[in-house]
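Within every chain, numbering begins at 1; the chains are lettered A, B, ... in the order of the sequence lines, protein sequences first and strands thereafter.
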Amino acid sequence: MVSERLIPPTGYLHIGGGRTALFNWLYARGRGGKFLLRIEDTDRERSTPEATAAILRGLTWLGLVWDGEVVSQFERRDRHAEVAREMLARGTAYKCFSTKEEIEAYRAAREAEGASYAVFQSPWRDADPATHPDAPFAIRMKAPRTGETIIEDQVQGRVVIKNETLDDMIVLRSDGTPVYMLAVVVDDHDMGVTHVIRGDDHLNNAARQQMVYDAMGWTVPVWAHIPLIHGPDGKKLSKRHGATGVEEYQAMGYPAAGMRNYLTRLGWAHGDAEIFTSAEAMQMFDLSGIGRAPARLDFKKLENTCGHHIAMADDAALLHELLAFLAAAGRESLTDVQQERMKRALPFLKKSVKTFPELMEKSAFLLASRPIVPEPKAAEALDTVSRGILKTLTPRLQNASWTKEALEPILNQTAEDYGIGFGKLAAPLRAAIAGRTVTPSVYDMMLTIGREETVARLSDAVA
RNA sequence: GGCCCGUUCGUCUAUCGGUUAGGACACCAGGUUUUCAACCUGGGAAGAGGGGUUCGACUCCCCUACGGGCUGCCA
């Protein structure tokens, strides 16, 4: 079983969080495990229903379906407090009456003494309960002060932390609310999480969390701390790099399968495998293939990967995803006629396109409706001579069977009649059919829009 | 400041002591072609620096430099 924790502070699924979810998903699904989802919403100011909804939308778009109900960490706060009290009863935690001021004074004093760092050592750690004042208290874990805590990490290796560098972490605040570090451990234990795959910003925290497992006598999960994703400049990914939210990528027109493939390869490798389906990824994915250095986002490679996936996609599924993209991007949807044409065009269009916006761009000829207004450059291709050629061609198309095999001889013959190369004929045809100079193949366009529409557009152009 | 993690072509990476250091993206050149793409062929491009260990280091150890993380009654 595998866990995944996601924090919804800014109301969207960060691309790094998306990749972490993806790794968890691949690992769990590839081994018959469960992919569980928990929203770490104990920070009430940053957690809203909208923020949570955005995260679920992002995951859903990526195709990462989770098992069971989404667990709210905040709603489990009573259970967290219960565990804190149990630690108290077991003697692995104690009541600490030190105030914030006292703690600060302690640290300041140690610093004045020239200490390079100061772990707070509470005077209440071994105090006789009889001396406890009637005052608010926090519950602190009684952490070992000597020895080492060893994290056997599947990605980072064996990480040794000296216990003397860790203070007695507070597990329950003086207002009775649990602290995140306790909540994670309790939730993971209660949910039966066996593998914790998360960002390496939690690597140091793992030592303190492991102490909680030990204090409660619980089985420590398998740890795997993966490096974070950085921006193209190597710096931590932030807003100034542009897209950081998963949903932005949908709006930019990247197909989900391509995103998954790219994100899987970002920081993970399996020999020379580059382009693969999620099913294949599940077979190959392993914690040992994860790199230890942070990886940079490379939009060119993302595009290339997406191009492969669009080309591999099933036409019906692709059309469906295209419509979803249009909705996500706030663009106008396709009419029935446009959808019909799109279905005919997809088999050839998908081969040369990397994103949905590019697909739409190349679909301009099929999206357009009569009369086609040529762009200036296209209009130049419709000079008097060219229009004469089209005038000759048009009637020849009237009764032709609408297949490439049937059309080819007709166009070739027309070009020959005028003593011109095929290119000279294709230019005005492009202008008349699409109103542009850059289009898909003239045959593909004609077959897509059909005979009636083709003849009509040609007639319009020479009228 | 302290502690922890990291560093192979521009980018993502392979290599798990012995290789002409491989692949992919990107880039450059050529080819194909009805335009743009796509596609095909070829090319340039890397072990942060310095010490060790070893017959032999990209691989193991140490130091330095540079990145990143943690160090909270935040998550």
Q: When rounded to the nearest Å, what value does the distance between C1' atoms of rA46(B) and rU13(B) take?
A: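 It comes out at 12 Å once rounded to the nearest Å.
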Q: What is the ring orientation for Y249(A) with Y254(A), classed by angle as parallel under 30°, tilted 30 to 60°, or perpendicular over 60°?
A: tilted
Q: Treat primed atoms plus P, OP1 and OP2 as sugar-phosphate and everything else as base, then score nucleotides 28-42 of chain B 5' to 3': B for base contact with protein heavy atoms under 4.0 Å, S for sugar-phosphate contact only, - for none.
A: ------BBBBS----
Q: What's the gap between rU8(B) and rG47(B) when it is taken at their C1' atoms, as a whole Å value?
A: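 Those two atoms are separated by 4 Å.
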Q: If you measure from the P atom in rC5(B) to the same atom in rU64(B), how many Å do you get, rounded?
A: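 Here rC5(B) and rU64(B) have their P atoms 15 Å from each other.
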Q: Could you identify which residues of residues 273-283 of chain A place a heavy atom less than 4.0 Å from some atom of RNA chain B, listed by residue number, or say none?
A: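 Those residues are E274(A).
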Q: For each nucleotide in nucleotides 66-72 of chain B, reading 5' to 3', give B when a protein heavy atom comes within less than 4.0 Å of its base, S when such contact involves only the sugar-phosphate, and - otherwise.
A: --SBSSS
Q: Can you see which heavy atom on G199(A) is nearest to which on T20(A), and at what distance?
A: N-CG2, 4.4 Å
Q: Could you tell me how far rA29(B) sits from rC16(B) if I compare only their P atoms? Round to whole Å.
A: 36 Å
Q: Counting heavy atoms from C-beta on, name the nucleotide in rG22(B), rC73(B), rC12(B) closest to the side chain of L266(A).
A: rC12(B)
Q: Which residue in the set E280(A), H308(A), H309(A) passes side-chain hydrogen bond (donor to acceptor under 3.5 Å, both in side chains) when paired with N261(A)?
A: H309(A)
Q: Please evaluate residues D168(A) and S122(A) with respect to the criterion side chain to side chain donor-acceptor pair (under 3.5 Å), reporting the C-alpha separation (whole Å), side-chain torsions for both, the decisive distance (0.1 Å), and the verdict.
A: CA-CA 8 Å; D168(A) 286 345; S122(A) 171; over 6 Å; no
Q: Sticking with atom C1', work out how far rG6(B) lies from rA45(B), rounded to a whole angstrom.
A: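 Roughly 24 Å separates the two C1' atoms.
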Q: Mind telling me whether H132(A) and W124(A) have parallel, tilted or perpendicular rings, with 30° and 60° as the class edges?
A: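 The arrangement is perpendicular - the two ring planes meet at more than 60°.
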Q: Give me the distance, rounded to whole Å, that separates rC63(B) from rU7(B) when you measure between the C1' atoms they each carry.
A: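 Those two atoms are separated by 15 Å.
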Q: Considering every strand and a 4.0 Å limit on heavy-atom distances, what is the contact class for G267(A): base, sugar-phosphate, or nothing?
A: sugar-phosphate
Q: What is the base-pairing partner of rC55(B), counting Watson-Crick and G-U wobble geometry with both distances under 3.5 Å?
A: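 Its partner is rG18(B) (Watson-Crick or G-U wobble, both distances under 3.5 Å).
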Q: Taking only the P atom of each, what is the distance from rG18(B) to rC60(B) in whole angstrom?
A: 12 Å
Q: What's S174(A) touching, base or sugar-phosphate or nothing? Going by heavy atoms closer than 4.0 Å.
A: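 Touches a base.
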Q: Using a heavy-atom cut-off of 4.0 Å across all strands, would you classify S98(A) as base, sugar-phosphate, or nothing?
A: base
Q: Using the ring of each side chain (for Trp, its six-membered ring), is W223(A) parallel, tilted or perpendicular to Y213(A), with breaks at 30° and 60°?
A: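 Rings of W223(A) and Y213(A): perpendicular, over 60°.
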Q: Taking 4.0 angstrom as the limit, do R292(A) and D153(A) come out as a salt bridge?
A: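 No.
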Q: Give K100(A) one of three labels, base, sugar-phosphate or nothing, depending on what nucleic acid heavy atoms sit under 4.0 Å from its own.
A: nothing
Q: Inspect the contact between E375(A) and R436(A) and indicate whether a charged nitrogen and a carboxylate oxygen are less than 4.0 angstrom apart.
A: yes
Q: Between atom CD1 in I290(A) and atom C1' in rG6(B), what is the gap in whole Å?
A: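 Distance, rounded to whole Å: 15 Å.
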Q: Between the side-chain atoms of R292(A) and the base atoms of rC5(B), is any donor-acceptor pair under 3.5 Å?
A: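 Flag unset: no donor-acceptor pair detected.
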Q: Would you call E82(A) and R79(A) a salt bridge, using N to O less than 4.0 angstrom?
A: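 Here E82(A) pairs with R79(A) in a salt bridge, since their nearest N and O are under 4.0 Å apart.
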Q: Classify the ring geometry of F120(A) against Y106(A): parallel below 30°, tilted from 30° to 60°, perpendicular beyond 60°.
A: perpendicular
Q: Expressed in angstrom and rounded to an integer, what is the separation of I226(A) atom CD1 from rC12(B) atom P?
A: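 It is 16 Å, rounded to the nearest whole Å.
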Q: Taking for each residue the nucleotide of RNA chain B bearing the nearest heavy atom, is the 5' side occupied by L302(A) or by V160(A)?
A: V160(A)
Q: Closer to the 5' end of RNA chain B via nearest nucleotide, is it R19(A) or P136(A)?
A: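 Of the two residues, R19(A) wins.
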